[in-house]
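Each remark here refers to the structure printed beneath this line.
Labels below follow one simple rule: chain letters A, B, ... track the order of the sequence lines, proteins then strands, and each chain is numbered from 1.
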Number of protein chains: 2
Amino acid sequence: MGLTKTEVFTEQENRVAELAKAFAHPARVAILRLLAEKKACICGDLVDELPLSQATVSQHLKELKRIGIIKGEINPPRVCYCINEAVWEEAQQTFGLVFQALKRPSCC
Amino acid sequence: MGLTKTEVFTEQENRVAELAKAFAHPARVAILRLLAEKKACICGDLVDELPLSQATVSQHLKELKRIGIIKGEINPPRVCYCINEAVWEEAQQTFGLVFQALKRPSCC
DNA sequence: TTTGATTATCGCAATATTACGATTTATATT
DNA sequence: AATATAAATCGTAATATTGCGATAATCAAA
């Protein structure tokens, strides 16, 4: 079906999945790292750094913005993108909790 | 196209993306949490806990196994699944490094 | 050897994602 | 007003993902 049944899962499960999606494509990992390391900020600079077309980069940026982990400041004709620190921290904390949940040793 | 151009990204970027994929669906988040908390281990128990069909759960388990974050011990007719601690730690460390990369403050 | 229990796989359908060329939008500059 | 620049969006194509019923596979037990 290709349609995730989000309504049958908890809000937390859905949010973890959404935050994970931000990192679930190598292009988005690259974009987030460039922004986190401040090697690029203007959208055009990102396009130069990435082996993808302008349209494709813009689409990944849109998805990251939808998730909330980045924000963009319009400064026409340019747009300056950067990490949304609050959501970055939310993700960091969320994954921290997920990983902490492991009770050792595993049974098999 | 729907075809990720993995060959143009670094191995690290691709691995981060793959590990993130393990958590990029609420059902897989739920499965991983159940296994991490040891609330379930036998596949059938997971099916009972999740609002999805046996076939769908089996498919998610297969994907998690492909990524390596879980392993299964066959004990016919049952299969006992559990977290692969080494990969769990790899993921924990990988995401830790990703999140550490943020240089503050953001420029916009 | 048949039955039962458990899990994997197949086949299918529907939606989602990825990618890019072409176009549009929005603004500054001339 | 016309032009140039940068980014978003549109349209399209192809592949991926999600989900499930049905079936197959696997082994224990009767």
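Under 4.0 Å is where a charged nitrogen must lie from a carboxylate oxygen, and between Glu18(A) and Lys21(A) no such pair does.
Summarising the geometry, the separation between CG on Leu3(A) and C1' on dT15(C) is reported as 6 Å, rounded to the nearest angstrom. The CG atom of Leu64(A) sits 13 Å away from the P atom of dT17(C) (whole-angstrom rounding). Look at CZ on Arg66(B): it is 14 Å from P on dT9(C), rounded to the nearest Å. Asp48(B) has its CG atom 13 Å from the C1' atom of dA5(C), to the nearest Å. Separating the CD1 atom of Ile74(B) from the C1' atom of dA28(D) is a distance of 15 Å, rounded to the nearest angstrom. In this structure, Asn75(A) atom CG and dT29(C) atom P are separated by 11 Å, rounded to whole Å. When the C1' atom of dT7(C) is taken as reference, atom NZ of Lys71(B) falls 20 Å away, rounded to whole Å.
Atom CD of Glu7(B) has more than 12 neighbouring heavy atoms from other residues, nucleotides or ligands inside a 6.0 Å radius.
Phosphate contact (OP1/OP2 of dA19(C), side-chain N/O of His25(A), threshold under 4.0 Å): present. Lys21(A) has no side-chain polar atom (N or O) that falls below the 4.0 Å cut-off from OP1 or OP2 of dA16(C). For the OP1/OP2 pair of dT17(C) and a distance below 4.0 Å, the side-chain nitrogens and oxygens of His60(A) include no atom meeting the criterion.
One finds the CG atom of Asn75(A) at 13.0 Å from the SG atom of Cys43(A) (value rounded to the nearest 0.5 Å). Expressed to the nearest 0.5 Å, how far CD1 of Ile31(A) lies from CD of Glu63(A) amounts to 11.0 Å.
In this pair, Phe95(B) and Phe23(B) present their aromatic rings perpendicular. The plane angle is above 60°, beyond the 30 to 60° band.
Map Glu63(B) and Leu52(B) each onto its nearest nucleotide of DNA chain D; the residue landing nearer the 5' end is Glu63(B).
Listed by first then second residue, pairs satisfying salt bridge (charged side-chain N to carboxylate O under 4.0 Å, His left out) with a partner in residues 94-108 of chain A read Arg104(A)-Glu85(B), Arg104(A)-Glu89(B), not counting sequence neighbours.
Annotation: side chain to side chain contact (heavy atoms under 4.5 Å, CB included) contacts of Gln12(A) (sequence neighbours excluded): Thr10(A), Arg33(B).
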### Task
For nucleotides 6-11 of chain D, just jot down a letter per nucleotide in 5' to 3' order: B, S or -, based on protein non-hydrogen atoms under 4.0 Å.
SBBB--

